[in-house]
Enquirer: 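One structure follows; several queries about it will come next.
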Amino acid sequence: MESRGSAPPPDGAVGAPPGDGPDDRARPPQAYEGVWRFTAPAVDISVPQARHAVRDLIRRQGVPASDDLVQGLLLIVSELVTNSVKHAALLSPELAVEVAIGAEWIRVSVEDSHPYRPRPLETDYAQTGGRGLLLVREIAAESGGVCDVEHTASGGKVIWAALPLTPR
């Protein structure tokens with residue numbers, strides 16, 4: 001994995017991860033904090049590979065996350081990577097997964113270069129698919145987190161979810 005020095009949105013920005021205020025920045029960082037980014041081809045096998053890479057990173061860093069939080073986070077990674085593979089691969093043969101871990105939160109994001117900005121569908125039991133972003137939104141909300149879709153400077157998009165390490 002390639003390490004990168006980016007951070008979640010600054011304090012006060014829309015969608016800033018919970019617990020990322022000015023008081024939190026004055027304390028020394030925890031050993032598990034950091035930002036990791038890796039790329040993968042936009043193909044089906046990248047879905048379980050991304051999920052396993054995020055799971056292994058969380059374990060290796062010793063992140064104090066409950067099993068329920070980790071399972072929810074891995075489901076989010078699976079849904080976001082699947083969406084990128086399924087809907088963006090034609091215009092975006094590569095995707096990027098980023099994991100940012102703070103003292104009180106963890107954020108995962110998937111970036112591709114496809115310009116379409118998806119929206120969560122409402123529950124429609126007649127459909128056999130199309131509920132991935134709805135599921136991501138519900139998992140994030142249930143844990144006290146947030147999620148959003150943003151455009152990148154290059155014209156693509158980043159879809160992210162930030163969850164608190166301690167459920168609220």
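Any value given below was found using the heavy atoms of this structure, including those in side chains, with hydrogens, waters and symmetry copies removed. This structure is a prediction, so every number in the text was calculated from the model and none was measured. Positions are given from 1, in the same order as the sequence printed here.
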Enquirer: Of all residues at least two apart in sequence or in a different chain, which pass the side chain to side chain donor-acceptor pair (under 3.5 Å) check with Thr152?
Expert: Ser154

Enquirer: Going by atom type alone, with no hydrogens or angles, which donor-acceptor pairs under 3.5 Å involve a side-chain atom of residues 42-51 and a protein atom two or more places apart or on another chain?
Expert:
from  : atom 1 : to    : atom 2 : distance (Å)
Ser46 : OG     : Pro41 : O      : 2.5
Arg51 : NH1    : Ser78 : OG     : 2.7

Enquirer: Taking C-beta and beyond as the side chain, do Leu95 and Thr39 meet within less than 4.5 Å on heavy atoms?
Expert: no

Enquirer: Ignoring hydrogens, what is the shortest heavy-atom contact between His114 and Ser92? Give both atom names and the distance.
Expert: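 Heavy atoms only, the tightest pair is N-CB, 3.9 Å.
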
Enquirer: Side chains of Val108 and Trp160: closer than 4.5 Å at any heavy-atom pair?
Expert: no

Enquirer: A side-chain contact here means heavy atoms from C-beta on lying under 4.5 Å apart; do Ile106 and Ile58 qualify?
Expert: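 Side-chain contact under 4.5 Å: yes.
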
Enquirer: Output the rest of the hydrophobic cluster of Leu91: all Ile, Leu, Val, Met, Phe, Trp and Tyr residues reachable through side-chain heavy-atom contacts under 4.5 Å, sorted by chain and number.
Expert: none

Enquirer: Decide whether Trp36 and Glu98 meet the rule of one side-chain donor and one side-chain acceptor closer than 3.5 Å.
Expert: no

Enquirer: I need the minimum non-hydrogen distance between Leu163 and Ala140, along with the two atoms involved.
Expert: CD2-CA, 3.5 Å

Enquirer: Pick one: which of Pro64, Ser143, Ser66 meets side chain to side chain contact (heavy atoms under 4.5 Å, CB included) with Leu165?
Expert: Pro64

Enquirer: Taking atom OH of Tyr116 and atom CG of Asn83, what is their separation to the nearest 0.5 Å?
Expert: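 So the OH of Tyr116 and the CG of Asn83 are separated by 10.0 Å.
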
Enquirer: For a quick test of reading the model, state the closest non-hydrogen atom pair linking Tyr32 to Gly102 and the distance between them.
Expert: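 For Tyr32 versus Gly102, the nearest heavy atoms are CE1-O, 3.3 Å.
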
Enquirer: What pairs of residues pass the salt bridge (Lys or Arg N to Asp or Glu O under 4.0 Å) test when at least one of them lies in residues 69-78, not counting sequence neighbours?
Expert: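 For residues 69-78: none.
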
Enquirer: Find out whether Leu133 and Leu80 are in side-chain contact, i.e. whether some heavy atom of one side chain is under 4.5 Å from a heavy atom of the other.
Expert: yes

Enquirer: Looking at every heavy atom in both Ser109 and Val158, which two are closest together, and how far apart are they?
Expert: CB-CG1, 3.6 Å

Enquirer: Once salt bridge (Lys or Arg N to Asp or Glu O under 4.0 Å) is applied, what residue pairs with a partner in residues 156-167 remain, sequence neighbours excluded?
Expert: Asp112-Lys157

Enquirer: Got a second to check how far Ile139's CD1 is from Leu73's CG, nearest 0.5 Å?
Expert: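 Rounded to the nearest 0.5 Å, the CD1-CG separation comes out at 9.0 Å.
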
Enquirer: So does Glu111 pair up with Arg37, basic N to acidic O under 4.0 Å?
Expert: yes

Enquirer: Nearest 0.5 Å, what's the CD-NZ distance between Glu79 and Lys86?
Expert: 9.5 Å

Enquirer: Does Glu33 have any salt bridge (Lys or Arg N to Asp or Glu O under 4.0 Å) partners at least two apart in sequence or in another chain, and if so, which?
Expert: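 Expected list: Arg27.
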
Enquirer: Between Ala31 and Gln61, which heavy-atom pair has the shortest distance, and what is it?
Expert: O-NE2, 3.8 Å

